[in-house]
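Input: a single structure, listed below in structure tokens.
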2 protein chains.
Amino acid sequence: MANQHHGLDRAFAALADPTRRAIVARLSRGEAAVSALAEPFAIGLPTLLKHIRVLERSGLVATAKSGRVRRCALVPDALREAEAWLGAHITAWESRLDRLEAHLADKERKAGHDPARDTRCDL
Amino acid sequence: MANQHHGLDRAFAALADPTRRAIVARLSRGEAAVSALAEPFAIGLPTLLKHIRVLERSGLVATAKSGRVRRCALVPDALREAEAWLGAHITAWESRLDRLEAHLADKERKAGHDPARDTRCDL
DNA sequence: AGGTTACTTCGCCACATGGCAAACCAACAT
DNA sequence: ATGTTGGTTTGCCATGTGGCGAAGTAACCT
């Protein structure tokens, strides 16, 4: 199965869970201890801890223990990497569309004009 | 288990697989048939088809069959949604950092100055 | 010391996912 | 009509995930 995990693999996988996204959202507004994170969600501590481990492995959050509490903080680099990937491919798609449009406009300049064609998409 | 799938759930889950990301990357540069997509990856057709189904369910790609070939195309809206989520939380984190910095600067204005404190992070 | 708090680990279960091979179906092509 | 091509379905298997409760450990409080 999908071994040889790329960083993005783990990052996106971590973000695929609503609980984990909520944790990230919470941490984006400040650090928090494990039990503080547990409160809003109706799930047990062991489960939450598992989520935190997943987030840690993905590089999205970092944790450190001081005394008996473990504080969790967001590490935005992984988030940025994921965002960058998405951005790159969105713009790739858009620029392709632009080229296509230009090409169609060019063709239409030489042939008859049918306004409806401009927005029609064959899929 | 994670039932009641939010759109982002499926989108991020779909992007968590390298094969699927490669497919998205490929499609961001133009539509393609199933078999054309299969080529670069050393995996069987059934497996690839499963990937495509996952991508379809996630709203990242749309497919349509004409004759015996199925053409796949990217649907950038889901990508944009995911990007927006990431962007929102990255900026949230950054603005928190800014507030914190401002606060520290303020404190330091009133007390003695220790330059090393500015970049120190307690985690 | 003894209790409380805050995690942590340890099974355990149900289910989704990624992979394959093999058989199958529907269009073209000849 | 028959073969070939392109996709599709159908098992099957191994692994990972999300959830739980129960028991364990390591601070901290009194």
Side-chain angles (χ1 to χ4, degrees), chain A residues 1-24 26-27 31-73 123, chain B residues 1-24 26-27 31-73 123:
Chain A
M1 202 186 294
N3 39 5
Q4 177 64 29
H5 274 303
H6 190 296
L8 286 179
D9 286 27
R10 295 187 185 280
F12 281 128
L15 292 170
D17 185 273
T19 307
R20 246 134 42 196
R21 276 201 310 281
I23 292 178
V24 168
R26 172 78 156 75
L27 290 180
E31 306 181 18
V34 170
S35 50
L37 286 176
E39 272 184 35
F41 318 111
I43 68 178
L45 265 197
T47 308
L48 185 107
L49 201 39
K50 238 190 225 178
H51 282 304
I52 293 183
R53 296 300 187 204
V54 172
L55 286 167
E56 237 179 330
R57 246 192 330 161
S58 77
L60 286 169
V61 318
T63 77
K65 198 159 181 177
S66 66
R68 65 186 157 166
V69 324
R70 157 162 263 127
R71 321 221 76 228
C72 310
L123 185 57
Chain B
M1 202 184 295
N3 41 2
Q4 178 63 31
H5 275 302
H6 190 299
L8 286 179
D9 287 26
R10 294 186 187 280
F12 281 128
L15 292 170
D17 185 274
T19 308
R20 247 135 39 196
R21 276 201 310 281
I23 293 178
V24 169
R26 171 76 157 73
L27 291 180
E31 306 181 18
V34 170
S35 50
L37 286 176
E39 272 184 34
F41 318 112
I43 68 178
L45 263 198
T47 308
L48 185 106
L49 201 39
K50 239 189 223 178
H51 283 305
I52 292 182
R53 296 301 188 202
V54 172
L55 286 167
E56 239 179 329
R57 243 191 334 160
S58 76
L60 286 168
V61 319
T63 77
K65 198 160 180 177
S66 67
R68 64 186 160 169
V69 325
R70 158 162 261 126
R71 320 221 79 231
C72 310
L123 184 56

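Lettering of chains follows the sequences in order, A, B, ..., and the numbering in each one begins at 1.
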Could you give the [atom1]-to-[atom2] distance, from [X] to [N], as a whole number of Å?
X        : N       : atom1 : atom2 : value
Leu48(B) : dG6(D)  : CG    : P     : 14 Å
His51(A) : dC20(D) : NE2   : P     : 9 Å
Ile52(B) : dG6(D)  : CD1   : P     : 14 Å
Arg71(B) : dG6(D)  : CZ    : C1'   : 13 Å
Arg10(B) : dA16(C) : CZ    : C1'   : 11 Å
Asp9(A)  : dT17(D) : CG    : P     : 11 Å
Ile43(A) : dC20(D) : CD1   : P     : 6 Å
Asp17(B) : dT17(C) : CG    : P     : 11 Å

Next item on the list: Using a 4.0 Å cut-off on protein heavy atoms (strictly under), produce a 5'-to-3' string for nucleotides 24-30 of chain D with B for base contact, S for backbone-only sugar-phosphate contact, and - for none.
Entry: ---BS--
Item checked: side-chain N/O Arg20(B) vs dT17(C) OP1/OP2, d < 4.0 Å -> no
Check: Are any of Ser35(A)'s side-chain N or O atoms less than 4.0 Å away from OP1 or OP2 of dC7(C)?
Finding: yes
Might you list the N or O atoms of the protein lying below 3.5 Å from N or O atoms in nucleotides 9-13 of chain D, with each pair's distance?
none

Checklist line | side chain to side chain contact (heavy atoms under 4.5 Å, CB included) against Ala13(A), all qualifying residues, sequence neighbours excluded | finding: Ala16(B)
Nearest heavy-atom neighbours spanning [X] and [Y]:
X        : Y        : answer
Ser66(A) : Arg71(A) : OG-CG, 4.5 Å
Glu31(B) : Arg26(B) : O-NH1, 4.2 Å
Leu27(B) : Ala32(B) : CD2-N, 3.9 Å
Phe41(B) : Ile23(B) : CE1-CG1, 3.9 Å

Next item on the list: Would you kindly compare Gly44(B) and Ala33(A) by the position of their nearest DNA chain C nucleotide and give the one closer to the 5′ end?
Entry: Ala33(A)
Note to self: Please enumerate all residues that pass salt bridge (Lys or Arg N to Asp or Glu O under 4.0 Å) together with Arg21(A), with sequence neighbours excluded.
What the structure shows: Asp9(B)
Check: Is the shortest heavy-atom distance from the side chain of Leu15(A) to the side chain of Leu60(A) under 4.5 Å?
Finding: yes
Donor-acceptor pairs under 3.5 Å, side chain of residues 48-57 of chain A to any protein atom, not counting sequence neighbours: which ones?
residue  : atom : partner  : partner atom : Å
His51(A) : ND1  : Arg20(A) : NH1          : 3.2
Arg53(A) : NH1  : Glu56(A) : OE1          : 3.3
Glu56(A) : OE2  : Thr63(A) : OG1          : 2.9

Checklist line | Atom pair CD1 (Ile43(A)) and CG (Leu37(A)), whose distance is rounded to the nearest 0.5 Å | finding: 10.0 Å
Item checked: Nearest to side-chain heavy atoms of Val69(B), which nucleotide of dG18(C), dG6(D), dG19(D) -> dG6(D)
Notebook entry, point to check: Counting any heavy atom closer than 4.0 Å, what does Thr47(A) reach on the DNA or RNA strands: base, sugar-phosphate only, or nothing?
Noted result: base
